[in-house]
Every structure is written in structure tokens, then in C-alpha cells.
Amino acid sequence: MRFRSTCILAATVFHTYFDGILAINSTALQTCTQLQTTLGSDIVQFPNGPEYLNSSANAYSFFNAEILATCIVLPRQASHVQIAMAAIFKNKVHYAVRAGGHSGMTGWNAVQDGILFFFSHMKSISYDDKKDTITLQPGIRWGEAVQQLQPFGVTPMGGRLPDVGTGLLLGGGYSYLSRQHGFACDAFIELDVVLVNGELVTATATNEHADLFRALKGGANRFGIVTRYEVQAIHASSLNADWFGGLVLYPNSSVEAILAATHKFTTTVTDPNATFDMVFVNTVNGSDVVGTHGLTLLYHGSALPPGIFDDFLAIPAINNQLGPITYLTALNLSGPGNDRGSGAKMGAGAVSGGVEEYTNAYRAWNDFTTDPAVKPTLAWSILAFTPISKFQISVGRARGSNSFDPPLVNYAAIDFQANAIPGLREWSPQVEAARQTVFKRMPPSPGLPLYMNESDQKQKVFATYGRFEELKRTYAKYDPTRFNVRFTDGPPGL
Ligand SMILES: Cc1cc2nc3c(=O)[nH]c(=O)nc-3n(C[C@H](O)[C@H](O)[C@H](O)COP(=O)(O)OP(=O)(O)OC[C@H]3O[C@@H](n4cnc5c(N)ncnc54)[C@H](O)[C@@H]3O)c2cc1C
Ligand SMILES: *[C@@H]1O[C@H](CO)[C@@H](O)[C@H](O)[C@H]1NC(C)=O
Ligand SMILES: *[C@@H]1O[C@H](CO)[C@@H](O)[C@H](O)[C@H]1NC(C)=O
Ligand SMILES: *[C@@H]1O[C@H](CO)[C@@H](O)[C@H](O)[C@H]1NC(C)=O
Ligand SMILES: *[C@@H]1O[C@H](CO)[C@@H](O)[C@H](O)[C@H]1NC(C)=O
Ligand SMILES: *[C@@H]1O[C@H](CO)[C@@H](O)[C@H](O)[C@H]1NC(C)=O
Ligand SMILES: *[C@@H]1O[C@H](CO)[C@@H](O)[C@H](O)[C@H]1NC(C)=O
Ligand SMILES: *[C@@H]1O[C@H](CO)[C@@H](O)[C@H](O)[C@H]1NC(C)=O
């Protein structure tokens, strides 16, 4: 299966690229040629370059893997990003940035007739035990980060699947550590940022770029290209099995009980060491849709305390493998997440009301997956609930706040992801319309921010942010000619 889709992919790549050459954007081509002369052919690659094809294909969503840049810039250090960005700015070329490549937005980590930055050669990570901080480059993936720092007993706050990348930090970031330590971006200490004109600045909570620093906590790809993250080290990952938990699989007949338990945990549990990720999964099998739902349940401690998970554990399950595990193993419980070849799109919800809001979202999603217009090109779809606690929000506020700045309530963030049958290059307007119907049927509860990293391009995520007005002002200050919003795809509203 993987081999077959690689062949299709290679054929697609060359077909699309050479078709494109007839209409090639000469500004992009000239800028690429000029940059290759300046930076060399290892760093700036055309489709005949040794890493072009592999880099292009390395997007989680096939819808992005098939979008072909005029050239790919593979920086080794920040100055390469500066030089390329300065030329892009001067020549007015379209561009995109890719770290781990997991974006569910078509065109947000890929660009046609333009220049793609891909950070596969900037993957270093280190721990400073005097400052108790971790410095990482944008190309590292969370599994690599956790594995490399495990001997030191520390980890950055990152994603919950090993293959996901650092773009997550700029969108806010949901980590298994978040209920105790805030959103992943709340751990920022210092960021190096290449602004649209190529200038490199360092932003901290207290220096002259404190406004930029806060904007980057949720501001996504709109405020510049981050070339170095320094974040607070979290002492919650070691070579010891100091976590307790695992994966519980439920049959579809347990849906109602799962929704009730998800709601109860989200609204009542205060212990910050307890967390979960409840993922409803509907898989299309011919004309059938099969629901098998997975709960990743985790406690930072040597055993599950009584009470907290009892409702979940009382629900009839297919299997249930709980025990002492390391944080690294916890990260891999839902699989590595490194599959490629299937187009994926996401969308976000957020609920703070009663269980009926959870049920309402579930129904909207289940109807989508069983819609006769959707099923033929849908491989599988998930609806995932992440519990966000008041405590987590207050930790973020104490650290200077972020740009989405949620109200102080317990709520569940909802991620709706749909994956296409392998090799499908685009969804039909009918499937797109059915996806949009799901968002309409599950609007966020009043006042809650949507999560950038699990949103759809049509959702106006910035407008749901607590600090939307401030974000717009900061954007106008750092990108006065609005170059970013004109020349790269990303969240609307600034
Ligand atoms: C299987 C899977 C599991 C996931 N699990 C989680 C999870 O547990 N928690 C969670 O919070 N989210 C999760 N997500 C969502 C995830 O946060 C987003 O997909 C996120 O965008 C991934 O970052 P990336 O670096 O892999 O993606 P990329 O697509 O490379 O980057 C995402 C966006 O960020 C921009 N960007 C990346 N790096 C930079 C940079 N250095 N400077 C400026 N802009 C940049 C890109 O242009 C792009 O728009 C998951 C997604 C998938 C597909
Ligand atoms: C790219 O190459 C690396 C090894 O060099 C390999 O592990 C990876 O699977 C390749 N990715 C794609 C998408 O072909
Ligand atoms: C090339 O791109 C520039 C700016 O990115 C744009 O103004 C121009 O119209 C494009 N040309 C073609 C032929 O697409
Ligand atoms: C996630 O965050 C990044 C920046 O970190 C942003 O550019 C991207 O659009 C967000 N959304 C998705 C679905 O990846
Ligand atoms: C799963 O169960 C729910 C609740 O009983 C039901 O509404 C839904 O249609 C079922 N879904 C599938 C795919 O069988
Ligand atoms: C929660 O985790 C912290 C470590 O982050 C630990 O010190 C504490 O004892 C844990 N609390 C409980 C109730 O287990
Ligand atoms: C898919 O359907 C076929 C028969 O229609 C069945 O044999 C098979 O077990 C099903 N697969 C799954 C994963 O349910
Ligand atoms: C992660 O899980 C996959 C199966 O889902 C397994 O093949 C792989 O070996 C695991 N990796 C680690 C580091 O545990």
C-alpha cells in the first residue's frame, strides 16, 4: 500500500511540475536561481535536487504533499532563512513554511509557484540544567525531542504523537502535560524570529519585542519564521515508568456512556496530573461505517487515584491495557502518526456546556461519516475531545498570557479530522459542503477560542481569540506592508 502510493506520488509530482512549467511564475524561478547561487544547491533545491521529492512528499496530508514549490529551501541556520526571506520580500514571491508537516490546512505548509522552507536539517535540541530550559530548532519532531532528553529527566511540552512537529507551538499546543503546565506555548522563554523582511529579532516576555512574543503564542505562521525556541523544561519524562495509563478501545455501543464520562471528567476533575484524549473513530469499510473508539488515559504518578477515571473504566470495552509506562511510551499510545499518502482536513470545536453539547457534536460528525455523498472518498474520520482546565488557563495567565486567552472555564476542545482514500487529490464540493455543515452544527460555546492547529481554513479562528484586537495591532507593527497575509496562506482575520 505504501509502495503503491509512493509510485503514484512520484508520477504526480513530475506531471504537475512540468505542466506547471508552462505557466511558471518567473519571479519565483528567478528568485530561486539567485538564491541557489548565493546559498548553494544543497540548501536551495529544484525538483532535480536530491531531497526535493522526499521533502515535498513529507506532509502528513496528501493534499499538501502534491503541491509543488518552484524550489525548496533547506536551511541549516537562521541566516539562511534571513537571506531567503529578504529575497522573497524584495521580489514579492509566494512562500510557505513546513516544520513537522502535520497541518490539516491545504496550502498552509505548501506552495505552488513559490518557495517552501522545510526544516529537515535544523533538528537540534539541548537542555540547560542551570536555566532549566530546553532549546530546540524547528525541524525536530516531538518523539525525537522526548527520546533525546529522556536521560535528563525532562521534556518540552509538545504534541501527543511522535511524528508531529513544532508548528504546534505557534498554534498554542495541546500536550498531555498541559493540564498541569499550561498550553504548550505558555512554556516559551525566548524565540528567534525572522521577520518578513529578513531581519532577525529575539523576543522575550520582557524585552522590546514582548508584544511579538505574546502574539507568537497562538499567532501561527503570521508573525515571522521562528528559527529557535527556548522553552521551560518540564520534569515529567524519564527512563522510569513514572506515568500510569494506556489505551482503552470501546465498541460503538458504548458511545453514549463515553460522551457522559468525557463531559463529567472535563467539567469536574481538578487533579492536574490526570489527563486523557478521547478519540471517536469511524472507519469506512465498503458500504459500512464501523465505529471503534479509543481513549488514551494517563496519570502522572505510580497508580490511578480512585474516582477520577472510574466512569471511563466502568464502560464496556474491547480491550484495556493499563499499566506503568514512561512518558515516551505514552506519546506513542495512539500510534506514531507518521502515515503519509492520505489527504487530511481538520476543523475545530470547543464546548463548555452540558453533555448535550458533546452529543450534538458527536451526531453532526457521525452524520458526516455516514453521508452517502461522503463515504465513497472517506477512509476514516475522528472526533477527538481534549479536556482544558481552569487551572491550565490560570497557569498560562500567570506566565504572561497568550493571544487566544480563554475565559476561566473548564471546557473540551474538539478536533474533527477527515482522511481521504489514499491518492485522492482533492475532495469534491459535496464533501466540502458536508464538512462545513459539521462546523455549522457544532458552533463553539460563546466566548471560547477555537484551536488554531485543529481548525479549518474557513473558520475565523483569530476572531475567537481573547486578544484579537491586540493581535491585529501587533501584526500591523511587525508587518506594516501586510506582506505575510498577501504572500503566504494561513489563518484569516489580521
Ligand atoms: C496525527 C496528528 C496528531 C496531532 N496531535 C496533536 C496534539 O497532540 N496536540 C496538538 O496540539 N496538536 C496536534 N495535532 C495538530 C498539530 O498541532 C498541527 O497539525 C500542527 O500544525 C503541527 O505542526 P507541524 O510542525 O507538524 O506542522 P506544519 O504543517 O509543518 O506547520 C504547521 C503550520 O505552522 C507553520 N510553521 C511551522 N513552523 C514554523 C516556524 N518555525 N515559523 C513559522 N511558521 C511555522 C507552517 O507554515 C504551517 O502553517 C495533530 C495533528 C495530526 C495530523
Ligand atoms: C524521506 O527520506 C527518509 C530517509 O532519508 C525516509 O525515512 C522517509 O520515509 C522519506 N520520506 C518520504 C515521504 O519519502
Ligand atoms: C508571479 O507572482 C507574482 C507575485 O508573487 C505575481 O504578482 C504575478 O502575477 C505572478 N505571475 C504569474 C504569471 O503567475
Ligand atoms: C497550526 O499552527 C500553525 C503555526 O504554528 C499555523 O500556521 C497553522 O495554520 C495551524 N493549523 C494547522 C491546522 O496546522
Ligand atoms: C454508533 O452509536 C451511536 C449511538 O448509539 C449511533 O448514533 C451511531 O449511528 C453509531 N455509529 C455507527 C457508525 O455505527
Ligand atoms: C503530580 O505530579 C507531580 C510532578 O509533576 C508530583 O510531584 C506530584 O506528587 C503528583 N501529584 C500526585 C497527587 O500524584
Ligand atoms: C470489512 O467488511 C468485510 C465484509 O464486508 C469484513 O469481512 C471485514 O471484517 C470488515 N473489516 C473491518 C475492519 O471491519
Ligand atoms: C510506536 O507504536 C508503533 C505501533 O503503533 C510501534 O510499531 C512502534 O514500535 C512504537 N514505537 C515506540 C518508540 O514505542
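Numbering of ligands and ligand atoms starts at 1, following listing order. The figures here come from the full heavy-atom set of this structure, side chains too, leaving out hydrogens, waters and symmetry mates.
The part of Pro138 lying near ligand 1 is the side chain, judged by heavy-atom distances below 4.0 Å. Looking at Arg363 against ligand 5, nothing comes within 4.0 Å, counting heavy atoms. The proximity of Leu170 to ligand 1, defined as any non-hydrogen pair under 4.0 Å, is limited to the side chain. Under 4.0 Å from ligand 1, the heavy atoms of Met346 that appear belong solely to its side chain. For Tyr362, every heavy-atom contact with ligand 5 shorter than 4.0 Å involves the side chain, none the backbone. If you look at Tyr229 next to ligand 1, the close heavy atoms, those under 4.0 Å, all belong to the side chain. In Tyr174, the parts holding a heavy atom less than 4.0 Å from any atom of ligand 1 are both the side chain and the backbone. Heavy atoms of Asn366 found under 4.0 angstrom from ligand 5 belong exclusively to the side chain.
Against a heavy-atom cut-off of under 4.0 Å, Arg98 is close to the following atoms of ligand 1: 30 (O). Atom numbering of ligand 1 starts at 1 in the shown order; those under 4.0 Å from a heavy atom of Thr166 are 25 (O). For ligand 8 and Gly335, the ligand atoms under 4.0 Å from any heavy atom of the residue are 5 (O). When each atom of ligand 5 is checked for a heavy atom of Val289 under 4.0 Å away, the hits are 13 (C). Residue Ile225 has at least one heavy-atom neighbour below 4.0 Å for each of these atoms of ligand 1: 42 (N), 43 (C). Heavy-atom contacts of Gly224 reach the following atoms of ligand 1: 42 (N), 43 (C) (cutoff under 4.0 Å).
With respect to atom 12 (C) of ligand 5, the closest heavy atom belonging to the protein is Asn252 ND2, 3.4 Å. In this structure, atom 4 (C) of ligand 8 lies nearest to the protein heavy atom Pro336 CD, 4.2 Å. Summary of contacts: the protein heavy atom closest to atom 5 (O) of ligand 5 is Glu256 OE2, 3.8 Å. For atom 9 (O) of ligand 8, the nearest protein heavy atom (residue, atom name, distance) is Asn332 ND2, 4.6 Å.
By the 6.0 Å contact criterion, CZ on Arg486 is enclosed, its count of non-hydrogen atoms from other residues, nucleotides or ligands being greater than 12. Heavy-atom neighbours of Glu256 CD from other residues, nucleotides or ligands within 6.0 Å: at or below the threshold of 12.
Proximity of atom 7 (O) of ligand 8 to the protein is not indicated, since no non-hydrogen protein atom lies closer than 4.0 angstrom. Of the protein's heavy atoms, at least one falls inside 4.0 Å of atom 14 (O) of ligand 8.
The heavy atom nearest to atom 29 (O) of ligand 1, considering only Leu191, Val164, Asn109, Asn484, is found in Asn109. Of the candidates Gln137, His102, Arg222, Arg160, the one placing a heavy atom closest to atom 27 (O) of ligand 1 is His102.
Within the 4.0 Å heavy-atom shell around ligand 1 one does not find Gly337. Contact annotation: Gly171 has no heavy atom less than 4.0 Å from any atom of ligand 1. Under the 4.0 angstrom criterion for non-hydrogen atoms, Ala344 is not in contact with ligand 1.
Between Tyr176 and Trp243, the distance from one ring center to the other does not fall under 6.0 angstrom. In this structure, the ring of His263 has its center less than 6.0 angstrom from the ring center of Tyr358.
Using bins of under 30°, 30° to 60° and over 60° for the plane-to-plane angle, the ring pair Phe117/Phe119 lands in the parallel bin. Between Phe223 and Tyr475, the ring planes lie perpendicular to each other; the angle is over 60°, past the 30° to 60° tilted range. Tyr174 and Phe183 have tilted rings, their planes meeting at an angle from 30° to 60° on a 0 to 90° scale.
Side-chain contact of His293 with Asn252: a donor-acceptor pair under 3.5 Å is present, judged by distance alone. Between the side chains of Thr369 and Asn282, at least one donor-acceptor pair of N or O atoms lies under 3.5 Å. Using a 3.5 Å distance cut-off with no hydrogens or angles, the side chains of Thr204 and Glu190 do not pair a donor with an acceptor. Counting only N and O atoms by type, the side chains of Thr386 and Arg160 include a donor and acceptor under 3.5 Å apart. Side chains of Asn484 and Asp479: no donor on one and acceptor on the other come within 3.5 Å.
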- Item | Verdict with reasoning, His94 to Ile115, per side chain to side chain contact (heavy atoms under 4.5 Å, CB included) | CA-CA 6 Å; His94 286 274; Ile115 297 178; over 6 Å; no
- Task: In sequence, state the C-alpha distance, the side-chain angles, and the governing distance for Phe368 and Trp365, and then conclude on ring-ring contact (aromatic ring centres under 6.0 Å, His included).
- Result: CA-CA 5 Å; Phe368 166 82; Trp365 167 77; 8.6 Å; no
- Message: Checking Arg399 against Asp186 for the salt bridge (charged side-chain N to carboxylate O under 4.0 Å, His left out) test, could you report, in this order, the C-alpha distance in whole Å, the side-chain angles of both residues, the deciding distance, and whether it holds?
- Response: CA-CA 7 Å; Arg399 296 187 65 101; Asp186 292 327; over 6 Å; no
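Residues forming a disulfide (SG to SG under 2.5 Å) with Cys32 (at least two apart in sequence, or on another chain): Cys71.
The distance criterion of under 3.5 Å between nitrogen or oxygen atoms is not met by Gly173 with respect to ligand 1. An N or O contact shorter than 3.5 Å is missing between Phe119 and ligand 1 by distance. Polar contact check, Trp108 against ligand 1: a nitrogen or oxygen pair lies under 3.5 Å apart. Checked against a 3.5 angstrom limit, the closest N/O atoms of Gly104 and ligand 1 fall outside it. Checked against a 3.5 angstrom limit, the closest N/O atoms of Asn282 and ligand 5 fall outside it. Every N/O-N/O distance between Gly159 and ligand 1 stays at or above 3.5 Å.
Using a 4.0 Å cut-off between charged side-chain N and carboxylate O, Asp405 and Lys217 make no salt bridge. Between Arg441 and Asp367 a salt bridge is recorded (basic side-chain N to carboxylate O distance below 4.0 Å).
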